[in-house]
Structure formats: C-alpha cells, structure tokens
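None of these values were measured; they are calculated from a predicted model.
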Amino acid sequence: MQQGGGSETEVTWEDQQNINKFGRLNNRFHELEDEIKFAKESTDNLEDASNELILTDEEVVRFQIGEVFAHVPKEEVESRIEAMQEATSKSLEKLEEEKDSILAQMAELKKILYGKFKDSINLEED
C-alpha cells in the first residue's frame, strides 16, 4: 500500500483481519438499517390498524391470518395487535442496540486502521 508520502506500509495478517472485520461489520450495519426500516414500517402499520379498530363499530372484524382473512371478535383482534406491537417494539429495540454496538466496533477499527495507514486506506462510504 502507498501512503500519501509515497513510502510503503506493510499490511500484516492482523491488519488484514481488521480490514475484513470492518467490511463484515459494514455489511451487517447496512442489513440492520434495512431491518430497522422494515420494523418501523411494521410499527406504523400496526398503529394504523389499531386506530382503525378503535373507529369501527363492528363486534366482529376481518383479520388477516397468513394469506386468508378470518372473522374474529374485535376484542381478540385488539389483543393480537397489541401483542404484535409489543413484539415489534422489542425487535426494533434489539436492532437499534446491535446497530449501536456495530457502530462502536467500526469506530474502534477505523481508529486503529487510520492510525497505521493514514491516507492509504479509505473506510468512508462517500
């Protein structure tokens, strides 16, 4: 690898492992962003469904189970939606925690790699 000044910097096995780890973490970070986006959309959809359920006068409503709709009592649908909201909220919280952990690990690896390779390595995604 060439540094900005033109001198060569040797890439050790450990350096290569750090670079590979950074790449894996970066890929997982992007996957997590997609999963978080999906979880937030699910949360919004469940909130909308809950609000619509409040507005309905029906005692039996259509509820999608898998690929079919079934007529289910309103109270049961309310409890199912509440349980789904809780599960989605917990999932979203776990995803956010994992994302924060990955960002911390990536920052530590950046510090190590930029410390050794300076301008010779680019870990930014511009």
Side-chain angles (χ1 to χ4, degrees):
M1 295 184 108
Q2 293 287 323
Q3 278 188 340
S7 63
E8 289 188 20
T9 303
E10 181 182 338
V11 179
T12 64
W13 183 85
E14 183 179 331
D15 296 331
Q16 188 60 52
Q17 295 305 310
N18 285 338
I19 292 168
N20 293 345
K21 182 176 181 181
F22 183 87
R24 287 190 304 274
L25 288 171
N26 191 43
N27 288 340
R28 180 63 184 145
F29 172 76
H30 289 291
E31 290 172 2
L32 280 172
E33 284 187 323
D34 291 340
E35 290 176 28
I36 289 170
K37 180 181 175 186
F38 179 76
K40 285 181 178 178
E41 288 173 1
S42 295
T43 300
D44 291 342
N45 290 340
L46 288 169
E47 184 67 31
D48 291 344
S50 179
N51 292 339
E52 288 295 322
L53 197 57
I54 291 170
L55 298 175
T56 188
D57 294 334
E58 304 292 322
E59 289 302 316
V60 176
V61 294
R62 290 180 357 150
F63 185 74
Q64 185 175 3
I65 302 172
E67 294 182 12
V68 299
F69 285 92
H71 292 280
V72 180
K74 183 178 176 181
E75 294 80 25
E76 184 179 335
V77 172
E78 288 173 343
S79 65
R80 285 184 182 211
I81 288 177
E82 188 176 304
M84 292 166 71
Q85 284 176 315
E86 191 174 307
T88 303
S89 176
K90 286 181 182 178
S91 172
L92 184 59
E93 189 176 308
K94 280 182 69 175
L95 292 171
E96 290 286 356
E97 287 174 5
E98 185 178 353
K99 179 182 170 184
D100 291 343
S101 171
I102 286 176
L103 285 174
Q105 291 177 55
M106 288 172 65
E108 185 64 31
L109 286 170
K110 278 183 181 182
K111 187 167 58 171
I112 292 168
L113 293 170
Y114 279 131
K116 180 168 184 178
F117 296 109
K118 302 192 184 358
D119 295 339
S120 300
I121 192 167
N122 182 14
L123 302 173
E124 305 303 322
E125 293 191 28
D126 305 325

Exactly one of Asn20, Asn18, Thr12 clears side-chain hydrogen bond (donor to acceptor under 3.5 Å, both in side chains) with Gln16, and that residue is Asn20
_Please evaluate residues Glu97 and Lys94 with respect to the criterion salt bridge (charged side-chain N to carboxylate O under 4.0 Å, His left out), reporting the C-alpha separation (whole Å), side-chain torsions for both, the decisive distance (0.1 Å), and the verdict._
CA-CA 5 Å; Glu97 287 174 5; Lys94 280 182 69 175; over 6 Å; no
So CG of Asp48 and CG of Leu53: to nearest 0.5 Å the spacing works out to 12.5 Å
Next on the checklist: Using side-chain heavy atoms (C-beta onward) and a distance below 4.5 Å, is Ile65 in contact with Arg80?
Outcome noted: yes
| task | Apply salt bridge (charged side-chain N to carboxylate O under 4.0 Å, His left out) to Glu35 and Arg28, showing your working. | result | CA-CA 10 Å; Glu35 290 176 28; Arg28 180 63 184 145; 3.1 Å; yes
- Without swapping roles, check the side chain of Ser42 against the backbone of Phe38 for a donor-acceptor pair under 3.5 Å. yes
Among the clusters formed by ILVMFWY side chains lying less than 4.5 Å apart, do Phe29 and Tyr114 turn up in the same one? yes
Tightest non-hydrogen contact, residues Thr88 and Ala39, listed as CG2-O, 3.6 Å
CZ (Phe22) and CD (Gln17) are apart, to the nearest 0.5 Å, by 15.5 Å
**Asked** Any chance the side chains of Asn27 and Glu31 put a donor and an acceptor closer than 3.5 Å?
**Response** no
Here the gap from Asn122 atom CG to Leu113 atom CG, rounded to the nearest 0.5 Å, amounts to 11.5 Å
4.5 Å side-chain heavy-atom contact, Phe63 and Val68: no
(request) Would you confirm whether Lys40, through its side chain, and Leu92, through its main-chain N or O, come within 3.5 Å as a donor-acceptor pair? (result) no
Item checked: Step-by-step side-chain contact (heavy atoms from CB on, under 4.5 Å) determination, Leu95 to Ser91 -> CA-CA 6 Å; Leu95 292 171; Ser91 172; 4.2 Å; yes
Shared hydrophobic cluster, Met84 / Ile36 (ILVMFWY, side-chain heavy atoms < 4.5 Å)
no
- Examine distances only and state if a side-chain atom of Gln64 and a backbone atom of Gly66 form a donor-acceptor pair shorter than 3.5 Å. yes
The reported gap from NZ in Lys110 to CG in Leu25 (rounded to nearest 0.5 angstrom) is 11.5 Å
Quiz item: Can you check whether Lys37 reaches Glu41 side chain to side chain, under 4.5 Å on heavy atoms?
Solution: yes
- Query: Taking atom types as modelled and ignoring hydrogens, do the side chains of Gln85 and Ser89 form a donor-acceptor contact shorter than 3.5 angstrom?
  - Reply: no
If hydrophobic clusters are built from ILVMFWY residues whose side chains come within less than 4.5 Å, do Leu103 and Ile19 share one? yes
Quiz item: Hey, is the main chain of Thr56 close enough, under 3.5 Å, to the side chain of Lys74 for a donor-acceptor pair?
Solution: yes
Quiz prompt | Pair Glu125-His30, side-chain contact (heavy atoms from CB on, under 4.5 Å): steps then yes or no | solution = CA-CA 11 Å; Glu125 293 191 28; His30 289 291; 2.9 Å; yes
Here the gap from Leu32 atom CG to Asp100 atom CG, rounded to the nearest 0.5 Å, amounts to 10.0 Å
Inset, instruction - Kindly determine whether Gln105 and Ser101 satisfy side chain to side chain donor-acceptor pair (under 3.5 Å), including the steps that lead there. - result: CA-CA 6 Å; Gln105 291 177 55; Ser101 171; 3.2 Å; yes
d(Arg24 CZ, Asn26 CG) to nearest 0.5 Å is 12.0 Å
If hydrophobic clusters are built by linking Ile, Leu, Val, Met, Phe, Trp and Tyr wherever their side-chain heavy atoms come under 4.5 Å apart, do Val77 and Val60 end up in the same one? no
